[in-house]
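Below is one structure, written out as structure tokens; comments come after it.
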Amino acid sequence: MKRRIAILGSTGSIGTQALEVVDQLPDLLQVEVLAAYSNADLLIQQAKKYKPNMVVIVREDLCDKVKSALWDEDIKVFAGEQSLVDVAAMDCVDMVLSAIVGVAGLRPAYHAIECGKPLALANKETLVVAGSLMTATAAAKGVNIYPVDSEHSAIFQCLAGEFHNPIEKLIITASGGPFRGKDSAFLKTVTREDALHHPNWNMGPKITIDSATLMNKGLEIIEASWLFNVPIDKIEVVVHPQSIIHSLVQFADGAVKAQLGLPDMKLPIQYALTYPARQANHFPRFSFADYPQLTFEQPDYETFPCITLACEAFRQGGNMPCVLNAANEVAVHAFLQGKIGFTDIPKHIEKCMSAIPFSKPATVDEFLHVDAEVRKVKCVNN
Ligand code: NAD
Ligand code: MG
């Protein structure tokens, strides 16, 4: 039996790599749903190749274009945000891959779980914003959330066969991003193009900027704490510029297990989609000959304050991780549009965390209400 998957965010970096995984495993995986925000041309091209049951284009003004391009295919075309939520719950879907960027992924991912669908989760923002709600709902419905993020997939792989053994700590590796080793004065001068130039990974623009500010590691600490039920004081970050060791687990007896591989998201995507099986593929292999040195250093928490901000938001709990995430999304967007400088990103996040009062959202609507409030805080260039 093929596993029938819905790929939400099929036109992005993770989405397109997920389709490369499907190309390798045509007897095991079947694309049932493809969904994208606005890249109608790529969505149409993907639909013609993978012949899903349904496609969703979120931007309603692009619906006619997609419909007319697919008129002679046996594919249903839907538009709008609600359709993303509806398709994730359909009977013909066995598993949902959320590869949407940002808080926009929260409602469809939550609904998928509520409808009992296992979730392969790339969209870390969903767990950052509403980790308590997501994990409690998954537990109540008896469905699993499979990590796609490479660090979390590495930890998940290290934990295979160890689920009853006590964990002493999780060690998350970080490449350090394009500005590793630089000081605050340098960061004031960096441009959008400098920040978009990641040394090891080719990713969507939002996560690439998060990797440059190190907010990505902050978000990943929160994500790991929810996924593996480990408190954040037992989660460490180590900078490993080669991005070969994807993360590590230290057990109660002192043993440390690591997962290694090339910096290539296709492996973690495949593992989430085919879990618990490991399937043969033709993706490039790691060789020690190409990496004679694997090196490690401590993160520079002062120059890159975003990790500390994320940990602080998580310690406060309630709406604060949602505030952190929304403020970060707004600031990254403003930076990408040239409206604020690189070092204004953490400043805007701090400003929002002090401006928005503490609350305890409990439903998706309540979290999205907090998100909307944060988006009203003006982002200033100072
Ligand atoms: P991307 O920008 O390349 O793609 C985003 C996808 O989401 C696109 O298909 C787009 O159509 C869709 N989308 C955007 N806004 C939407 C909205 N409002 N509603 C519905 N769909 C929307 O992003 P990406 O790099 O593929 O990242 C996706 C997620 O995976 C992010 O949460 C990111 O943190 C996470 N992630 C990415 C990588 C990577 O290597 N790219 C690695 C680890 C985790
Ligand atoms: Mg990651």
Side-chain angles (χ1 to χ4, degrees), residues 6-20 33-43 45-46 55-60 62 66 78-85 87-88 96-109 119-129 146-156 172-177 196 198 200-211 213-224 227 237 240 243 245-247 259 261-269 272 325 328-329 332-333 336 368 371:
I7 306 182
L8 311 184
S10 66
T11 54
S13 160
I14 293 288
T16 51
Q17 293 182 84
L19 290 170
E20 287 182 58
V33 178
L34 290 170
Y37 183 70
S38 61
N39 192 343
D41 292 331
L42 183 53
L43 184 65
Q45 204 182 310
Q46 292 176 338
V55 300
V56 176
I57 182 88
V58 175
R59 281 251 315 261
E60 302 195 18
L62 296 168
V66 178
F78 300 102
E81 264 177 41
Q82 184 56 38
S83 301
L84 269 185
V85 173
V87 291
V96 173
L97 168 63
S98 178
I100 292 173
V101 62
V103 75
L106 173 58
R107 198 187 289 282
L119 181 65
L121 188 67
N123 175 232
K124 64 191 85 186
E125 293 91 340
T126 280
L127 278 180
V128 169
V129 169
Y146 298 104
V148 170
D149 214 347
S150 58
E151 295 77 2
H152 306 73
S153 176
I155 292 168
F156 188 49
I172 298 183
T173 52
S175 70
L196 282 173
H198 195 279
N200 303 341
W201 299 94
N202 188 3
M203 312 178 283
K206 195 265 179 179
I207 185 175
T208 304
I209 301 304
D210 286 347
S211 302
T213 60
L214 295 199
M215 177 54 90
N216 189 44
K217 279 315 124 180
L219 302 180
E220 290 183 352
I221 290 173
I222 301 176
E223 181 186 14
L227 279 172
V237 173
H240 165 47
S243 297
I245 297 181
H246 296 307
S247 279
Q259 187 258 337
L262 289 174
D264 180 345
M265 288 306 296
K266 292 193 288 298
L267 173 66
I269 294 169
N325 180 71
N328 183 53
E329 286 191 28
V332 168
H333 185 69
L336 284 171
L368 293 179
D371 179 85

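Both ligands and their constituent atoms are indexed starting at 1 by order of listing. Note that the structure is predicted; figures quoted are calculated from it, not measured.
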So is [X] touching ligand 1 or not, going by heavy atoms under 4.0 Å?
X      : value
Gly15  : no
Asn123 : yes
Glu125 : yes

Any idea which atoms of ligand 1 are less than 4.0 Å away from a heavy-atom of [X]?
X      : answer
Ala104 : 17 (C), 18 (N), 19 (N)
Val58  : 20 (C)
Ala122 : 30 (O), 32 (O), 35 (C), 36 (N), 44 (C)

Is the closest basic N to carboxylate O distance between Glu125 and Lys206 below 4.0 Å?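 Lys206 and Glu125: salt-bridged.
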
With heavy atoms only and a cut-off of under 4.0 Å, state how [X] meets ligand 1: side chain, backbone, both or neither.
X      : result
Asn216 : neither
Ala99  : backbone
Met265 : side chain

Per atom 39 (C) of ligand 1, closest listed option by heavy atom (Ile14, Thr208, Thr126):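 Of the listed residues, Ile14 has the closest heavy atom.
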
Heavy-atom nearest neighbour of atom 29 (C) of ligand 1 within options Val128, Ile100, Ile207: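 Shortest heavy-atom distance from atom 29 (C) of ligand 1: Ile100.
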
Any donor-acceptor pair under 3.5 Å linking the side-chain atoms of Asn39 with those of Thr11?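 No.
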
How many angstroms lie between CG in Leu196 and CD1 in Ile209, if you round to the nearest 0.5 Å?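 The CG atom of Leu196 sits 4.0 Å away from the CD1 atom of Ile209.
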
Considering only N, O or S atoms, which atom of Glu151 is nearest to the Mg ion (ligand 2)?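 Output for this pair reads OE1.
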
What protein heavy atom sits nearest atom 25 (O) of ligand 1, and how far away is it?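 Protein heavy atom at minimum distance: Gly204 N, 2.9 Å.
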
Nearest to atom 17 (C) of ligand 1, what protein heavy atom do you find, and at what distance?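 Scanning the protein heavy atoms, the shortest distance from atom 17 (C) of ligand 1 goes to Tyr37 CD1, 3.4 Å.
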
Rounded to 10 degrees, the angle OE2 of Glu220 makes with OD1 of Asp149 at the Mg ion (ligand 2):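 Between OE2 of Glu220 and OD1 of Asp149, at the Mg ion (ligand 2), the angle is about 100°.
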
